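Below: one structure, written as structure tokens.
Below, chain A is the first sequence line, B the second, and so on; all start at residue 1. Keep in mind that what you see is a predicted model, and the values were worked out from it rather than measured.
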Protein chains: 2
Amino acid sequence: MDNAQLLKGILEGCVLAVIEKGETYGYEILGELEKAGLEDIGEGTLYPVLTRLDKNKLIQCRRAKSPLGPIRKYYSITQEGAEYLGDFRERYRRISKSADILLYDNSSEMEENENG
Amino acid sequence: MDNAQLLKGILEGCVLAVIEKGETYGYEILGELEKAGLEDIGEGTLYPVLTRLDKNKLIQCRRAKSPLGPIRKYYSITQEGAEYLGDFRERYRRISKSADILLYDNSSEMEENENG
DNA sequence: CACACCTACTTGGCTTTGTCAAGTAGCATT
DNA sequence: AATGCTACTTGACAAAGCCAAGTAGGTGTG
């Protein structure tokens, strides 16, 4: 099936979240996404995301030699990126809550806020 | 902010899920989406979804007079649509699980099978 | 009847973003 | 030098949501 549309917009936040955990580079991010279950992300999908994020100042880039291949571009999150990610998490949460209601008819009672 | 990308692909499934609950028409679906928290969906967004769903035989259409306006197009889900929706739910679940892991670092332990 | 105002659906052009396929390039092994 | 890994780039494309404007039936007011 076609997950492309379901991925839209989500991927960006996921990539940003991976970078937030620590400086990393494209190929490694691909591995992280795969580990989390996003297995069909190709390089031609990821790299444009990285470029866009960089262009929008949400991440920053540093070039460094790899111990076993060509130069890597190491990315780290910026202040602006961290803020954007916070905002993204909130928007994602809200939308997925709506989707849960509509898709599963959960009235969202079963949340993790058991501490009132 | 721009929720357009986050909505992509999700909306289709949500609309289908609303129709699955019972025959309904565009304007009413808009209300259901709003009730669930999807408040910014305009007519120009919803109707093309309905058209597409119909074209793909996932829903079927019946015209009937409205008690207070122009003709309504009542939609109901087809067998094919129900199957598609089941598949959609699974794909959505999988992707949102991945997103949860990446976004919140939930290792997906907190599932609803606590009786395991 | 003319007009305004709801309800209800339609359409065209635009933008964003993921996908595929092919390409460039450094380094190690043979 | 040829192969094959790692690593990043690029161009053409398609899907789907968004906005704005348009069409049309019905009711109430004068």
Q | Nucleotide C:dC9, atom P - distance to CG of B:Leu50 in whole Å | A | 8 Å

Q. Rounded to the Å, how far apart are A:Glu39 CD and C:dT19 C1'?
A. 17 Å

Q. Does OP1 or OP2 of D:dA7 have a side-chain N or O of A:Tyr47 closer than 4.0 Å?
A. no

**Q.** Atom CZ of A:Arg94 with >12 non-hydrogen neighbours under 6.0 angstrom
**A.** no

Q: Nearest 0.5 Å please: distance from the CG atom of B:Leu58 over to the OH atom of B:Tyr75.
A: 13.0 Å

Q: For A:Asp40, check side-chain contact (heavy atoms from CB on, under 4.5 Å) against everything at least two apart and list the hits.
A: none

Q: Starting from C1' on C:dT11, measure out to NZ on B:Lys73 and report it in whole angstrom.
A: 13 Å

(Q) Generate the contact string for nucleotides 14-20 of chain D. Rules: B means base contact, S means sugar-phosphate contact only, - means no protein heavy atom under 4.0 Å. (A) -BBSBBB

Q.
How many whole angstroms separate atom CD1 of B:Ile29 from atom P of C:dT7?
A. 17 Å

Q) Nucleotide by nucleotide, 5' to 3', does protein get under 4.0 Å of the base (B), only the sugar-phosphate (S), or neither (-) in nucleotides 24-30 of chain C, counting heavy atoms? A) -BBS---

Q | Spacing of A:Lys55 atom NZ relative to D:dT10 atom P, expressed in whole Å | A | 12 Å

Q: Let me know the distance between CZ of B:Arg63 and C1' of C:dA8, rounded to the nearest Å.
A: 11 Å

Q) Of all residues at least two apart in sequence or in a different chain, which pass the side-chain hydrogen bond (donor to acceptor under 3.5 Å, both in side chains) check with A:Glu83? A) A:Gln79

Q: Can you sort out the partners of B:Glu43 under salt bridge (charged side-chain N to carboxylate O under 4.0 Å, His left out), two or more places apart, ordered by chain and number?
A: none

Q) Under 4.0 Å: is that the gap between some side-chain N or O of A:Tyr27 and OP1 or OP2 of D:dC8? A) no

Q: Would you kindly say whether B:Glu12 and B:Tyr84 are connected by a side-chain donor-acceptor distance under 3.5 Å?
A: yes

**Q.** Those residues that, when tested against A:Thr78, pass side-chain contact (heavy atoms from CB on, under 4.5 Å) (two or more places apart)
**A.** A:Gln60, A:Glu80

Q: Rounded to the nearest angstrom, tell me the gap between atom CG in A:Leu33 and atom C1' in C:dG18.
A: 13 Å

Q. With no hydrogens and no angle check, is any side-chain donor or acceptor of A:Ser96 less than 3.5 Å from a backbone partner on A:Tyr92?
A. yes

Q. Are the side chain of B:Arg89 and the backbone N or O of A:Leu103 linked by a donor-acceptor pair below 3.5 Å?
A. yes

